[in-house]
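In what follows, a structure is listed as structure tokens, so that the remarks can point back to it.
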Amino acid sequence: MSDLLQEGLNLMLMGMGTVFVFLTVLVIGTTLMSKLVGLTTSQSDIDSKARSQSTAAREDLTELAAVAAAVKVIHER
Amino acid sequence: MEQLMLLLSQSGAANLSFGQLTMIIAGLVLIYLAISKRFEPLLLLPIGFGAILVNIPGAGMNAAPVYDAAGVMLSGGGLLYYISALGLDTGIFPLLIFLGVGAMTDFGPMLANPKTLFLGAAAQFGIFGTIIGAVWMSSMGWMDFSLTDAAAIGIIGGADGPTSIFIASQLAPHLLGAIAVAAYSYMALVPMIQPPIMKALTTKKERAITMTQLRVVSKREKIIFPLVVLALVALFLPSAAPLLGMFCLGNLMKESGVVDRLSDTAQNALMNIVTIFLGLAVGSKLSAEYFLNIETLGILVLGLVAFCIGTAFGVLMAKVMNLMSKTPINPLIGSAGVSAVPMAARVSNKVGLEANNQNFLLMHAMGPNVAGVIGSAVAAGVLLSFLG
């Protein structure tokens, strides 16, 4: 086997090895990161977000009601 | 009369060499493929036009500036010379394209199922298998490729245009034109190259496998992910930092949601500008002396082989993972590991639908697809650190 072919095979083994090792580390890192984020974004976090959204929605409604009432009053005049 | 003769003797027709004529015709073929067949028109059209411009005799579009002994500029040099010296020889253009690609990539499907990163790794066999093919061709005495040439050719198998151009510009600038043309042509041909291989390696029952619904990925995960990638690159593979660094920056700009203007510019205006320049610069490398030789033919053959090996190994890896995994994995998504976003994922989806018309694999295939981009950038980093 020629030297060049030998070097090519070396490059392939080292290269694929590095690619797999790196991506394995990335898989582990990503999985850990997702778990950590899942822990810190606890249920209360999501709840509070949902609550703030619902309060916002309620405010919108009261605003709408106020406008509607005002329009009604003006029209009745 | 004398002046008329002078004008005639300086005309393009009088000075056109056979090689230049051939390259102009090659440029016209690329433009035809771009317009009529819609082969990656965004790049092949400017590449084809650049190839024509650079081969016009006497136009000096690719001429370097000339200085006299005192350092006074005698002639300014051509436009294409400056464009390719600025962006291609330095590797800046492909990196800016990577910024835009990062800003367009959604890692959601991959984060929902991180195992698909392995499919993106397996498909990189195409790169290294082709390197073996290239050095084998030289050891048989058919071609004259050094190991760095072989590496630059192999990266075509990453099915990632900017990565191929980046590596070629760093490792084998004299092959850049042929490598870029091969990479973009075969990416356009993915819907024809992949399905026969995918069908040959799977049974109908395997192709009909339905995968479980992906979980919802939180915004916070998507923001942290590019930082995780960057940290790992910095720790383990700094040679991949230019490519993946720009990629992660683009992705962070998109996912953070606070710099929509920048993210919008990176994926539209900036990307379009750079694409025009990159196309012209690659076209300017298509000069007769570099392109019209047996090596180009070898590169075209090896590029096709690279795509086929990458596809095959992606599918085989998915089959192995399906045997070991608790949740079913359809082997068809493995072929999407060869980047070529989003074409390869669409091919997986299409072949899957042929086997089971209720089976939508697109989102599942996007995981390995974007993993393939990371995989080929990592492979590029390995090649750079070994050979650069």
Side-chain angles (χ1 to χ4, degrees), chain A residues 1-68 70-71, chain B residues 107 110-112 114-125 127-136 138-140 145-147 150-151 154 215 217-225 227-229 231-233 235-237 240 313 371 374-383 385-387:
Chain A
M1 201 191 308
S2 73
D3 282 351
L4 193 62
L5 209 54
Q6 187 68 47
E7 275 180 69
L9 279 174
N10 277 343
L11 185 63
M12 176 163 158
L13 288 178
M14 295 288 288
M16 277 318 286
T18 317
V19 169
F20 263 102
V21 169
F22 186 87
L23 290 186
T24 308
V25 174
L26 189 58
V27 169
I28 297 168
T30 310
T31 316
L32 275 180
M33 185 268 289
S34 289
K35 288 238 167 75
L36 281 177
V37 169
L39 285 178
T40 51
T41 331
S42 54
Q43 200 57 38
S44 64
D45 228 12
I46 296 167
D47 279 356
S48 73
K49 220 178 261 172
R51 212 178 302 129
S52 70
Q53 265 171 3
S54 64
T55 53
R58 218 176 296 139
E59 272 166 14
D60 282 349
L61 275 184
T62 51
E63 210 171 286
L64 197 69
V67 172
V71 169
Chain B
F107 280 115
M110 202 207 75
L111 287 169
K115 275 178 302 187
T116 55
L117 272 166
F118 289 122
L119 298 173
Q124 307 315 320
F125 255 112
I127 295 178
F128 295 100
T130 307
I131 294 178
I132 299 293
V135 292
W136 176 72
S138 341
S139 68
M140 297 293 280
F145 294 131
S146 66
L147 193 60
R215 74 174 172 90
V217 176
S218 73
K219 191 173 155 59
R220 208 174 286 187
E221 283 174 82
K222 287 187 180 179
I223 294 176
I224 297 174
F225 180 71
L227 296 171
V228 171
V229 175
L232 291 178
V233 167
L235 286 174
F236 300 114
L237 200 62
F313 271 91
I374 299 184
S376 49
V378 169
V382 173
L383 294 179
S385 69
F386 284 167
L387 303 168

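Quick caveat, the model's predicted, so the values are computed rather than measured. Chain A is the first sequence line, chain B the second, and so forth, proteins listed ahead of strands; every chain is numbered from 1.
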Subject >> Which of I28(A), T18(A), L26(A) touches chain B most, by non-hydrogen pairs under 4.5 Å >> reply: L26(A)

Subject >> Leading residue by heavy atom contact count with chain A [cutoff under 4.5 Å; candidates L147(B), I374(B), I224(B), V217(B)] >> reply: L147(B)

Original post:
Can you check whether I127(B) reaches M16(A) side chain to side chain, under 4.5 Å on heavy atoms?
Top reply: no

Subject >> Interatomic spacing from CE in M110(B) to OG1 in T30(A) - rounded to 0.5 Å >> reply: 5.0 Å

**OP:** Decide side chain to side chain contact (heavy atoms under 4.5 Å, CB included) for L13(A) and F128(B); before the verdict, give the C-alpha distance in whole Å, the side-chain angles of both, and the deciding distance to 0.1 Å.
**Re:** CA-CA 8 Å; L13(A) 288 178; F128(B) 295 100; over 6 Å; no

**OP:** Please look at F145(B) and chain A and tell me whether the side chain, the backbone, both or neither of the residue comes under 4.5 angstrom of a heavy atom of that chain.
**Re:** backbone

Subject >> With K222(B) via salt bridge (Lys or Arg N to Asp or Glu O under 4.0 Å) - residues at least two apart >> reply: D106(B)

Subject >> S218(B) to V37(A) - nearest heavy-atom pair and separation >> reply: OG-CG1, 3.7 Å

Original post:
For chain A, which of V382(B), I131(B), L232(B) has the most heavy-atom pairs under 4.5 Å?
Top reply: L232(B)

**OP:** Taking the side chain as every heavy atom from C-beta outward, state whether Q124(B) and F20(A) have any pair of such atoms under 4.5 Å apart.
**Re:** no

Subject >> Heavy-atom contact with chain A under 4.5 Å, split by part of A122(B) >> reply: both

Subject >> Any side-chain heavy-atom pair of L11(A) and L387(B) under 4.5 Å >> reply: yes

Original post:
What are the two closest heavy atoms between L23(A) and L117(B), and how far apart are they?
Top reply: CD1-O, 3.6 Å

Subject >> Nearest-0.5 Å distance, OG of residue S139(B) to CG of residue D3(A) >> reply: 10.5 Å

Subject >> Residues in salt bridge (Lys or Arg N to Asp or Glu O under 4.0 Å) contact with E7(A), at least two apart in sequence or another chain >> reply: none

Subject >> Best-contacting candidate, T31(A), L36(A), V19(A), against chain B by heavy atom pairs under 4.5 angstrom >> reply: V19(A)

Subject >> Atom pair CE (M14(A)) and OG (S385(B)), whose distance is rounded to the nearest 0.5 Å >> reply: 8.5 Å

**OP:** Please look at V233(B) and chain A and tell me whether the side chain, the backbone, both or neither of the residue comes under 4.5 angstrom of a heavy atom of that chain.
**Re:** both

Subject >> Close side-chain approach of N10(A) to F386(B), heavy-atom, < 4.5 Å >> reply: no

Original post:
Where does V135(B) contact chain A at under 4.5 Å (heavy atoms): side chain, backbone, both or neither?
Top reply: both

Original post:
Should V21(A) and F236(B) be marked as a side chain to side chain contact (heavy atoms under 4.5 Å, CB included) after you check the CA-CA gap, both sets of side-chain angles, and the distance that decides it?
Top reply: CA-CA 10 Å; V21(A) 169; F236(B) 300 114; over 6 Å; no

Original post:
Do R215(B) and S34(A) have side-chain heavy atoms sitting under 4.5 Å apart?
Top reply: yes

Subject >> Atom group of A379(B) that falls short of 4.5 Å from chain A, counting heavy atoms >> reply: both

